[in-house]
Amino acid sequence: MLPLCSLPKKASSFLHSLSLSLSAMEETQIASILKSSELYPIPQSVKLSYGTAGFRADASLLESTVYRVGILSSLRSLKLKSSTVGLMITASHNKVSDNGVKVSDPSGGMLSQEWEPFADQIANASSPRELVSLIKDFVEKEEIVIGEKGGGEVWLGRDTRPSGERLLRAAEIGVRSVLGSVAVDVGVLTTPQLHWMVRAKNKGLNATESDYFENLVTSFKCLIDLIPINKLEISTLVLDGANGVGGQKMEVLRGYLSNLDVEIRNTGRDGGVLNEGVGADFVQKEKVVPLGFGSEDVGMRCASFDGDADRLVYFYIPSESCGDKVELLDGDKILSLFALFIKEQLNIIGDEGKQCRLGVVQTAYANGASTDYVKEMGLEVVFAKTGVKHLHERAEEFDVGIYFEANGHGTILFSESFLSWLVGKQKDYSEGSDKHNAVSRLVAVSNLINQAVGDALSGLLLVEVILQHMGWSVQKWNELYKDLPSRQVKVEVPDRTAVVTTSEETEALKPLGIQDAINAEIKKYQHGRAFIRPSGTEDVVRVYAEASTQEDADSLANSVAQLVKSFLGSS
Ligand code: NG1
Ligand code: ZN
């Protein structure tokens, strides 16, 4: 507790006037926040928004934000009966000088969207007094009781960014400024590891990082043992770790796995810069080889993680490749492989298996050819807004819901009821029978694949075991369907919020007239499709275009980008 006398005079008199009208927050609590927030003044002219995946900005601007998200996380924990909440310091695929912060709910999922407006408000509060007032109102509205029945618990993780440690200290102070709340530093982790650990902790399961690895290893091995005849020589997988945390964690995991031969490059230890010319976002958007890969890798099975290892894409360099072009197997292709494998197991189970509601969730960025492919397989396909929090929610509607963004962020969710049905069937069917093997595979997939969020490490293990199961090379997998040529570009504009889209994000409502102009461009191309939306993680407007040839997709993307510049001006 902080003695009132240690407060600056001005703050102390404010405290006395405010505390007269407070019921939910005690004086000592207000004093605690006032005092700690003096340490983290908000930089001028910064307007932050929780966005697609938490707050992101240049790391030098973020201390006050991270501190305030620390407070929010403690309140979130208190609101949910002191369940453990996660706070992750990362800016994922952004450049190394950026950083960010996002919150994991006790379920392991993203922070409830109902709390995002409060996050925006406190992140932008211009003074300690305004911050305290906002918190006080929110605490009253949410009926959060501080300090009576124990405090909140927040686990803090960070990626390998150099600014991470300093920001983590700010988060700790924020968490602890809510009286009785504890901050636990769980160290350098991938984003999905933290989400997995938070979920496990709140389910009363073993929840350390070693437990995470043990879970992956056990379920991977179980799936390997269930391969009927291993038709494929295990060939080397070459992994691009984006010079981030994912490659480093894969090095640990590799030590426990005997059925996976993986060479890891771009671990960040050899002088490479995080996300610079490397990583899943770079490979997916540019469709070129990451640094450290070249002609000596032609035909090899390669994969890329993003900076915090929640995205995974595969690629190979074709023998006829000119320059540095790659054949990309993106999130859509991973989704299709997963869907095929799960459908195969359900078919083996027979009529009962076919009753399982297996569905797929994609966004407007999904390649049209992938959507046709999963629909032809007989699966239900639904579309959600960009950002995994939106896809996750829709995937929960199915018995087995597979969701992926084209950029490689996704997972497979199994409903509790379907999972207990599967476990029951494991006991009914005789061991070693085809049906028993099929249900055992599905149970193992549910353990292997992260049920909290998309996870590059667990996704990679599932791709690898399915390829071994099918006896497929990466080239054979790529033949599932042929992508429609597409192009993504980003346009820097003075104010990206001037672009407002429909809820499906496929049409722009503002600036007025731009959608008609985009439609006129689209009409010029065979199989043309294009849309724009403001990024939630970078200060840009994103343009996506598809057409029947790569030249046409490039040209459509460029003309739409020109329209964006002429309607919004370029910065
Ligand atoms: P924004 O910057 O809002 O487009 C990007 C990705 C999202 C999601 C978030 C979070 C694209 C086009 N957008 O969001 O899908 O992954 O980052 O990391 O890839
Ligand atoms: Zn990421």
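In each ligand, atom 1 is the first atom listed, and ligand 1 is the first ligand listed. All values reported here derive from a predicted model rather than from experimental measurement.
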Check each protein residue for a heavy atom under 4.0 Å from ligand 1 and list those that pass, ordered by chain and number.
Thr52, Ala53, Arg56, His93, Lys285, Arg311, Tyr365, Thr386, Glu405, Asn407, Gln488, Arg533, Ser535, Gly536, Thr537, Arg542
Proximal heteroatom of Asp310 relative to the Zn ion (ligand 2) (N/O/S):
OD1
Would Trp477 and Tyr314 count as a close aromatic pair, with their ring centres under 6.0 Å?
yes
No-hydrogen, no-angle side-chain donor-acceptor test under 3.5 Å, Ser163 and Asn99:
yes
Under 3.5 Å, is there a donor on one side chain and an acceptor on the other for Asp240 and Asn266?
yes
More than 12 heavy atoms of other residues, nucleotides or ligands under 6.0 Å from CD of Glu214: yes or no?
no
Name whichever N, O or S atom of Asp306 ends up nearest to the Zn ion (ligand 2).
OD2
Parallel, tilted or perpendicular: which one describes the rings of His392 and Tyr403, with boundaries at 30° and 60°?
perpendicular
In terms of relative ring orientation, are Tyr373 and Tyr481 parallel, tilted or perpendicular, with 30° and 60° separating the classes?
tilted
Between the side chains of Arg169 and Glu165, is the shortest nitrogen-to-carboxylate-oxygen separation below 4.0 Å, so that they form an ion pair?
yes
Taking backbone and side chain together, does Ser92 place any N/O/S atom at a distance below 2.8 Å from the Zn ion (ligand 2)?
yes
Name whichever N, O or S atom of Asp308 ends up nearest to the Zn ion (ligand 2).
OD1
Would you check, one step at a time, whether the test salt bridge (charged side-chain N to carboxylate O under 4.0 Å, His left out) holds for Arg269 with Glu251?
CA-CA 12 Å; Arg269 293 208 192 82; Glu251 284 178 333; 2.7 Å; yes
